Amino acid sequence: MVTTTPQVLTVDNLGIDYKVGLEWKQAVRDVSFSIAQGESLGLVGESGCGKTTVAMAIMHYLPRNGRVGEGSIRLGGREIENLSASELRQMRVNQVSMVYQDPGKSLNPSIRIGRQVADVFELMGFPKGEWDDRVVDILRKVKIADPESVVRRYPHQLSGGMLQRVVIAMAIASEPELLVLDEPTTGLDATVEAEVLDLVSSLRAETGTSVLFISHSLAVIRRMCDRVGVLYGGRLLAEGPAESIFTDPRHPYTVGLLRSLPTGEVSRKEAQLDTIPGTLPPLGAQIQGCIYAARCPIAEDVCRDEEPDLIPLPGNRASRCYFPDRAPNLPRVVAPDPPPRQRSDATLLEISDTSKTFVQEGRPVFALSDIDLSIRVGETVALVGESGSGKSTLAKVILGIHVPDDGAVIEIGGEVLHDSLHSRSGDEIRSVQMVFQNPDSALNRRHSVRRIIGRAVQRLRGLGRKGVQEHTRDLLTDVRMGHEHLGAKPSHLSGGLKQRVAIARAFAGSPALVVLDEPTSALDVSVQAAIINLLSELQAEEDVAYLFISHDLNVVRYLADRVAVMYLGRLMEVGTAQRIFGGPHHPYSEALLSAAPDREEGTRIRLEGEIPAATDPPPGCPFQTRCHRKIGEICETVEPPLTEAEPGYSIRCHIPIDELAALQQVVPQE
């Protein structure tokens with residue numbers, strides 16, 4: 001299609017190699033695309049498919065063992081490979097900015113946030129006297145509460161969501177021609193994600209900034225991008241307008257990705273999620289035919305013998321497939337019936353009168369306030385809420401990492417848990433385990449899988465050497481991994497396999513409760529589906545309970561039995577997943593649900609004002625400063641209690657539930 005719009009970025013026949021040992025292996029091959037001024041292109045695909053490698057090549061940030069082996073990358077008409085060191089620095093300051101996947105690795109842990117953000121304005125040439133005001137303004141622009149306090153903190157003192165917003169603020173400060181976003185909303189809650197996406201959209205509208213958007217969230221890509229490219233094994237398999245890619249996919253791999261997504265139509269009690277069988281080809285694999293043929297249910301001999309070209313299709317799109325018309329009717333992988341579960345009414349975990357107050361710079365930080373929550377045997381309770389709402393703090397209090405304020409009572413199986421992990425018995429430690437968000441940070445990269453799991457078995461069970469070996473192998477089988485993985489180190493495993501190792505370690509002591517803190521947020525949708533299915537199977541087999549912390553409301557809706565909504569350290573609403581998602585909702589829950597990227601355009605509730613700081617919570621209802629349903633002075637002066645409005649459903653709001661139903665135009669469930 002002929003266009004007169006200037007091309008900000010042009011990638012032609014790009015090939016990228018990595019040196020492994022003494023051999024160069026190809027990671028990306030023959031990838032071509034362009035991004036026009038003001039346009040947004042999304043790249044999707046499983047981890048290891050080459051998305052981030054392409055982005056790093058565009059930034060000229062490939063590691064030392066990486067090289068552009070063929071093709072070209074032109075930014076504003078200039079070949080990036082031909083730029084001098086000083087020209088590259090100027091390009092990164094003025095023309096192109098990148099937001100990386102892990103904000104913790106983008107910031108210096110020994111330098112305060114304000115100084116690091118100020119570096120951007122120093123590089124841009126602003127006078128030193130303006131730096132402080134500009135830093136506060138840009139942090140406020142990305143919805144950081146109390147930026148005057150945040151600038152004095154170090155990165156480890158901020159939540160993951162706050163860190164991501166700081167990094168985005170640094171990237172957009174120069175209003176670049178091209179903004180490269182590599183998983184920019186990973187770890188962000190729905191409302192902050194929506195604010196960040198709105199910010200990127202407004203930047204595009206105001207300045208004509210072009211965007212290369214890399215994400216595992218297909219809903220985010222669909223909302224944010226004009227066009228989409230689907231990568232697999234370093235090859236571009238499909239490309240076209242976002243709407244047609246998502247509503248009428250013409251490549252089997254795209255269909256498989258879309259079918260892996262949890263939706264509101266079914267829960268884990270009704271059906272397991274679809275997954276894509278098999279794994280990505282290894283780096284540098286020499287495959288004669290279609291690179292996806294080994295995993296494709298409609299592959300024929302021609303697919304295995306000769307690789308198809310990227311074939312143009314009607315609607316300004318293309319597919320690297322011999323049978324694009326058969327892709328929409330791809331045969332489904334028949335998943336087994338969900339494991340049968342006999343629900344128990346016995347209470348496993350009981351939390352009463354639990355608060356947690358930290359002290360920061362001499363000021364109290366009210367992280368948790370009077371939490372009362374229970375979890376039954378074999379039940380999944382999800383915690384949702386914005387970053388800083390207290391979800392992870394509550395999890396760490398349960399685990400004994402944080403000691404609660406005086407008066408808190410935490411019982412498991414009817415026995416009071418000691419407040420501190422250091423004072424807990426072996427049985428208490430075995431009973432509660434955790435799976436963290438990022439397996440890379442949670443696993444010792446120098447240890448083998450055998451040692452990682454074996455040490456947990458030894459510590460939690462106290463078995464002899466033979467017993468440890470046998471139980472380690474059994475655990476690996478339980479998480480659907482082969483014994484060939486025992487000698488592997490985390491660096492040799494995919495993200496999904498690393499998370500399976502982390503899950504196996506958590507189950508080493510046969511826990512009664514496992515805390516899952518964003519266990520799938522860093523995984524692509526196909527691997528996420530496999531991990532969710534695994535967690536469901538293990539729960540049915542072991543009768544274990546889960547406290548599931550997540551920002552992905554579709555995953556919560558699929559997996560959770562009950563949902564607890566947190567805001568500013570308080571429980572605002574607790575009920576069954578069906579009740580919480582079906583409504584009527586607490587006004588805060590209503591805003592959270594409306595912010596999901598797959599919601600219809602125009603239905604989002606935009607909360608006014610900033611999230612209050614936990615050092616100075618507002619009087620009355622904690623949500624009253626932002627509430628779109630505020631009814632008057634009572635909201636500003638009297639904090640509503642968490643009241644059981646219906647059997648099994650509690651809400652903290654002055655508005656009666658029937659009035660909320662009328663306001664939200666929801667027919668209450670019988």
Side-chain angles (χ1 to χ4, degrees), residues 46-48 52 56 63 99-111 113 116 153-167 182-189 214-216 383 387-388 391-402 421 429 432-456 459 475 479 481 485 488-508 511 514-524 527-528 531 534-535 546-552 555:
E46 293 172 286
S47 297
T52 298
M56 297 300 276
V99 176
Y100 299 90
Q101 183 170 355
D102 186 352
K105 295 179 181 178
S106 301
L107 298 170
N108 190 319
S110 64
I111 300 177
I113 294 297
Q116 296 193 60
R153 300 182 197 172
Y154 292 95
H156 74 273
Q157 295 174 309
L158 301 183
S159 68
M162 293 273 276
L163 288 174
Q164 192 66 288
R165 279 178 277 178
V166 169
V167 172
D182 187 4
E183 301 285 356
T185 58
T186 296
L188 298 185
D189 56 80
I214 296 168
S215 179
H216 289 134
L383 283 183
S387 295
K391 304 185 301 297
S392 293
T393 300
L394 178 57
K396 291 175 181 177
V397 166
I398 295 170
L399 288 157
I401 297 172
H402 292 326
L421 179 64
I429 294 173
V432 184
Q433 291 292 304
M434 186 167 187
V435 176
F436 296 90
Q437 176 177 355
N438 188 347
D440 283 317
S441 301
L443 302 177
N444 191 321
R445 60 185 178 182
R446 291 184 291 183
H447 290 176
S448 66
V449 170
R450 178 187 288 106
R451 187 175 183 190
I452 290 169
I453 301 175
R455 289 184 69 186
R459 179 171 55 88
L475 284 167
V479 297
M481 290 178 68
H485 293 113
K489 294 183 179 180
S491 60
H492 300 149
L493 301 177
S494 67
L497 288 177
K498 281 183 276 197
Q499 197 62 290
R500 287 173 187 263
V501 173
I503 292 170
R505 184 177 63 180
F507 276 81
V514 176
V515 178
L516 302 160
D517 190 359
E518 297 279 1
T520 62
S521 66
L523 305 177
D524 57 78
V527 178
Q528 172 185 269
I531 294 297
L534 172 64
L535 291 171
Y546 293 145
L547 180 63
F548 185 77
I549 300 171
S550 181
H551 292 130
D552 191 325
V555 172

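Everything numeric here is computed off the predicted structure, so don't read it as measured data.
Side-chain N or O atoms of Glu183 include one that pairs as donor or acceptor with a backbone N or O of His216 at under 3.5 Å. Remark: side-chain polar atoms of Glu46 are not paired, donor with acceptor, to backbone N or O of Val527 under 3.5 angstrom. Distance alone, capped at 3.5 Å, is enough to place a donor-acceptor pair between the Glu518 side chain and the His551 backbone.
Summarising the geometry, atom CD1 belonging to Ile503 is positioned 5.0 Å from atom CG belonging to Leu534; distances are rounded to the nearest 0.5 Å. The CG atom of Leu516 sits 8.0 Å away from the CG atom of Leu547 when rounded to the nearest 0.5 Å. Here Arg505 contributes atom CZ and Gln433 contributes atom CD; the two are 9.0 Å apart, rounded to the nearest 0.5 Å. Atom-to-atom distance recorded for Ile549:CD1 and Leu383:CG is 5.5 Å, nearest 0.5 angstrom. Atom CG of Leu497 is separated from atom NE2 of His485 by 5.0 Å, given to the nearest 0.5 angstrom.
Within the 4.5 Å cutoff, side-chain heavy atoms of Asp552 are placed close to those of Gln528. Proximity of Val167 to Leu107: side-chain heavy atoms (C-beta onward) are separated by under 4.5 Å at one or more points. Side-chain contact between Val501 and Val479 is absent, with no heavy-atom pair separated by less than 4.5 Å.
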N/O donor to acceptor pairs below 3.5 angstrom from side-chain atoms of residues 439-450, sequence neighbours left out:
from: Asp440; atom 1: OD1; to: Lys498; atom 2: NZ; distance (Å): 2.6
from: Asn444; atom 1: OD1; to: Arg446; atom 2: N; distance (Å): 3.0
from: His447; atom 1: NE2; to: Arg451; atom 2: NH1; distance (Å): 3.1
from: Ser448; atom 1: OG; to: Arg451; atom 2: N; distance (Å): 3.2

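Atom CZ of Arg455 has 12 or fewer heavy atoms from other residues, nucleotides or ligands within 6.0 Å.
Of all heavy-atom pairs between Ile111 and Pro155, the closest is O-CD, 3.5 Å. The shortest heavy-atom contact between Pro519 and Phe548 is CG-CE1, 3.5 Å. The heavy-atom pair separating Tyr100 from Met56 by the smallest distance is CE2-SD, 3.8 Å. Across Val435 and Ala502, no two heavy atoms sit closer than the pair CG2-O, 4.1 Å.
Looking at residues two or more places apart in sequence or on another chain, you find a side-chain hydrogen bond (donor to acceptor under 3.5 Å, both in side chains) between Asp517 and Ser392.
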Verdict with supporting geometry, Leu421 and Ile429, side-chain contact (heavy atoms from CB on, under 4.5 Å): CA-CA 7 Å; Leu421 179 64; Ile429 294 173; 3.9 Å; yes

